[in-house]
There are 2 protein chains.
Amino acid sequence: MIPDHDGAFAPTTEDAPSSSGFLDDGKNTIGSQLAFRLREAIISGELQAGSKINLDKARKTFNVSLSPLREALARLISDGLVEFEDNRGYRVSSISLANLEEITNLREEFEIFALRESMRLGDVEWEGNVMRALHRLNRAERDAARPETLERWEELHREFHLTLISGCGKPILLHFCRLLLNLNDRYRRVFLTRTSGDRNVSQEHSEIAQGAVARDLDYSCDMLRQHIHRTGTNLRKHLATKGIL
Amino acid sequence: MIPDHDGAFAPTTEDAPSSSGFLDDGKNTIGSQLAFRLREAIISGELQAGSKINLDKARKTFNVSLSPLREALARLISDGLVEFEDNRGYRVSSISLANLEEITNLREEFEIFALRESMRLGDVEWEGNVMRALHRLNRAERDAARPETLERWEELHREFHLTLISGCGKPILLHFCRLLLNLNDRYRRVFLTRTSGDRNVSQEHSEIAQGAVARDLDYSCDMLRQHIHRTGTNLRKHLATKGIL
DNA sequence: ACTATCCAAATAATCGATTATCTGTCAAGG
DNA sequence: CCTTGACAGATAATCGATTATTTGGATAGT
């Protein structure tokens, strides 16, 4: 469950990372659903990075009133996907090489820290969740020609990484990692629709997960670091190539 | 300037940490001013941790309409000071021993990381800002009997810590540190109105700052770690004593 | 007594209209 | 020409009223 807007850094009430992470369970307010839709629109690149968000147009596009629209945008600000300035309105956060590099760098720092803590503190429950998330991810197909598989894969991928560090017992840290993962996903969704040829991502995930449940701290952390680093490097290349900077 | 709501993780436009960090420059929208007032009310303890925020009452108390009130609360959610649940409304984030410990722990990790980066990358401008912030802080008085001096000291103290790490060139990291500092300040404001007898906080700050501009990485980082750690320990004691947990 | 169901008051969410602010354009003055 | 100021259109912010949801308490059934 990504949104994480049930409360700020709530002490992680979730029993097990709900598989149906992103389900729009119909039970929410318009504001929540809208936040969900907008988030997807931004992460998928449908709403271009850096572009201004005209409230009137958005209101009409999504068929909602201003109140829930602002509500939704406020949440995306917390997520770092939208920026805001008094009397100037909202705009989709820009992407840049520097931003990508920072995200990658911070992910390395924070996720490794959180993984280490998880291995130190995680219980059997956590181990089980990790193995499940791994299995589900590795079973999911990822066909660039079929967007719905990409979306599904992204969801499971994020779920995997979050589950991996979910045993750390640090809600705020988890919150930060979730944000970074979110930000990172946007770059991947926009620039990478397939895995680069020289990588076997499934295997990378397996190595990390197995090292984690075996409590092989150094090995698992090292694998994770490399994993994040490689993704960063690939993204950097693609960003430079398609280079809209 | 703390609020940091000019945009998500904006590439730090600020030339120098504006001394007038918190000035309510009158030029903002009602929502912004309200966010400012509410933040102060929460950090100062005026709004009790864990308490529910009744929109109607708040609306009347602050003499505003619902829209700006929700706007303001949305910002405090980003700050981690307020929690929210669909159809259930808002409440002031709770405090707890675990929460305090996490904040302290993460501050140690992140601020040290950011300080190290600042020392690696910071320019003369940064050095100057650090020395200025230090001077201003050490000159400020802090009299438990006069709340306005406490408030002022807190502002300068936050400013000092932020300036110290402002050279790191990592806007997102800075954003996270700012949040943690904010959260931490609430504990101090509520539980510590004076420095514990066995500490010379001014000297601690001086040591950190001087080590920083001298680029003595290990020394400065170590001093900062101890500084944060001591504060955490003190707060923990007071929390246990006045223990409303 | 205990639980379940329904109702009413309290509270949150949303809407449409109004007010305030900003932005770009054009004219007058230098 | 360039700058300055004023205007108009576009856009954001706010408000008051309406609608939807939740909560707590009363009632009926076991």
Side-chain angles (χ1 to χ4, degrees), chain A residues 3-8 10 13 23-39 42 47-48 50-78 81-93, chain B residues 3-8 10 13 23-39 42 47-48 50-78 81-93:
Chain A
D4 171 67
H5 271 294
D6 13 83
T13 316
L23 270 193
D24 175 0
D25 49 20
K27 193 211 159 209
N28 299 133
T29 63
I30 296 182
S32 291
Q33 297 175 240
L34 194 54
F36 178 83
R37 287 208 282 166
L38 280 171
R39 186 181 293 108
I42 292 175
L47 251 56
Q48 200 176 35
S51 63
K52 186 149 183 4
I53 299 174
N54 181 307
L55 290 177
D56 240 19
K57 284 175 194 158
R59 200 178 64 64
K60 282 162 189 158
T61 305
F62 290 97
N63 250 311
V64 293
S65 179
L66 282 181
S67 324
L69 180 56
R70 287 173 146 274
E71 193 85 25
L73 287 168
R75 298 188 190 187
L76 297 184
I77 290 173
S78 310
L81 293 171
V82 165
E83 298 175 0
F84 170 81
E85 202 176 348
D86 273 349
N87 290 320
R88 294 276 171 94
Y90 304 83
R91 64 176 52 243
V92 180
S93 295
Chain B
D4 168 69
H5 273 293
D6 12 86
T13 316
L23 269 194
D24 176 0
D25 49 20
K27 193 217 159 206
N28 298 133
T29 62
I30 297 181
S32 291
Q33 297 175 240
L34 194 53
F36 178 82
R37 286 208 282 165
L38 279 171
R39 187 181 292 108
I42 292 175
L47 252 55
Q48 198 176 34
S51 64
K52 186 148 186 5
I53 299 173
N54 182 306
L55 291 177
D56 238 21
K57 284 175 192 157
R59 198 178 65 64
K60 281 162 189 158
T61 306
F62 291 98
N63 251 311
V64 294
S65 179
L66 283 182
S67 323
L69 179 55
R70 287 175 145 271
E71 193 84 26
L73 287 168
R75 297 187 190 187
L76 297 185
I77 290 174
S78 310
L81 293 171
V82 165
E83 299 175 359
F84 170 81
E85 201 177 348
D86 272 349
N87 290 319
R88 296 274 171 94
Y90 306 81
R91 62 176 53 244
V92 180
S93 295

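Remember, predicted model here, so these are calculated numbers, not experimental data. Lettering of chains follows the sequences in order, A, B, ..., and the numbering in each one begins at 1. The figures that follow rest on heavy atoms only: side chains count, while hydrogens, waters and symmetry mates do not.
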Legend entry - Beyond-backbone contact of A:Arg39 with A:Leu81, side-chain heavy atoms, under 4.5 angstrom: yes
Legend entry - Value in whole Å for how far the P atom of C:dA12 lies from CG of B:Leu73: 10 Å
List the atom pairs, donor and acceptor, that lie under 3.5 Å between side-chain atoms in residues 53-69 of chain B and the rest of the protein, sequence neighbours left out.
{"unit_1": "B:Asn54", "atom_1": "OD1", "unit_2": "B:Asp56", "atom_2": "N", "d": "2.8"}
{"unit_1": "B:Asn54", "atom_1": "OD1", "unit_2": "B:Lys57", "atom_2": "N", "d": "3.0"}
{"unit_1": "B:Thr61", "atom_1": "OG1", "unit_2": "B:Lys57", "atom_2": "O", "d": "2.8"}

Inset, instruction - Supply the atom-to-atom distance A:Tyr90 OH to A:Lys52 NZ, rounded to the nearest 0.5 angstrom. - result: 10.0 Å
Legend entry - Below 4.0 Å: OP1/OP2 of D:dA12 and any side-chain N or O of A:Lys52: yes
Inset, instruction - Take atom CG of B:Asp86 and atom P of D:dT22, then tell me their distance rounded to the nearest Å. - result: 9 Å
Inset, instruction - Identify the two heavy atoms, one from B:Ala72 and one from B:Ala35, that lie closest to each other, and give their separation to 0.1 Å. - result: CB-N, 3.5 Å
Inset, instruction - To the nearest Å, give me how far apart NZ (B:Lys57) and P (C:dA10) are. - result: 11 Å
Inset, instruction - Check the distance between D:dA12's C1' and A:Leu69's CG and give it to me in whole angstrom. - result: 11 Å
Inset, instruction - Mind checking A:Leu34 for me? I need base, sugar-phosphate or nothing, with any heavy atom below 4.0 Å counting as a touch. - result: nothing
Output a table of nitrogen or oxygen pairs between the protein and nucleotides 14-16 of chain C separated by less than 3.5 Å.
{"unit_1": "C:dT14", "atom_1": "OP1", "unit_2": "A:Ile30", "atom_2": "N", "d": "2.3"}
{"unit_1": "C:dT14", "atom_1": "OP1", "unit_2": "A:Gly31", "atom_2": "N", "d": "3.3"}
{"unit_1": "C:dC15", "atom_1": "OP2", "unit_2": "A:Ser65", "atom_2": "N", "d": "2.9"}
{"unit_1": "C:dC15", "atom_1": "N4", "unit_2": "A:Ser67", "atom_2": "OG", "d": "3.2"}

Inset, instruction - Measure the spacing between OG of B:Ser78 and CG of A:Leu76 and express it to the nearest 0.5 Å. - result: 10.5 Å
Legend entry - Interatomic distance, A:Asp56 CG vs C:dA17 C1' [rounded to whole Å]: 13 Å
Inset, instruction - Send over the distance from B:Ile77 CD1 to C:dA12 P, rounded to a whole Å. - result: 13 Å
Legend entry - OG on A:Ser93 to CD1 on A:Ile77, rounded to 0.5 Å: 8.5 Å
Inset, instruction - Calculate the interatomic distance between B:Asn54 atom CG and C:dA10 atom C1'; express it in whole Å. - result: 9 Å
Inset, instruction - Measure across B:Phe84 and A:Glu71 and return the closest heavy-atom pair with its distance rounded to 0.1 Å. - result: CZ-OE2, 4.5 Å
Inset, instruction - Could you tell me which residues satisfy side chain to side chain contact (heavy atoms under 4.5 Å, CB included) with B:Ser32, sequence neighbours excluded, listed by chain and number? - result: A:Asp86, B:Asn28, B:Thr29, B:Arg75
Inset, instruction - Send over the distance from B:Arg88 CZ to D:dT22 C1', rounded to a whole Å. - result: 7 Å
Which atoms of nucleotides 19-21 of chain D (N or O only) lie under 3.5 Å from a protein N or O atom, and what are those distances?
{"unit_1": "D:dT21", "atom_1": "O3'", "unit_2": "B:Asn87", "atom_2": "ND2", "d": "3.4"}

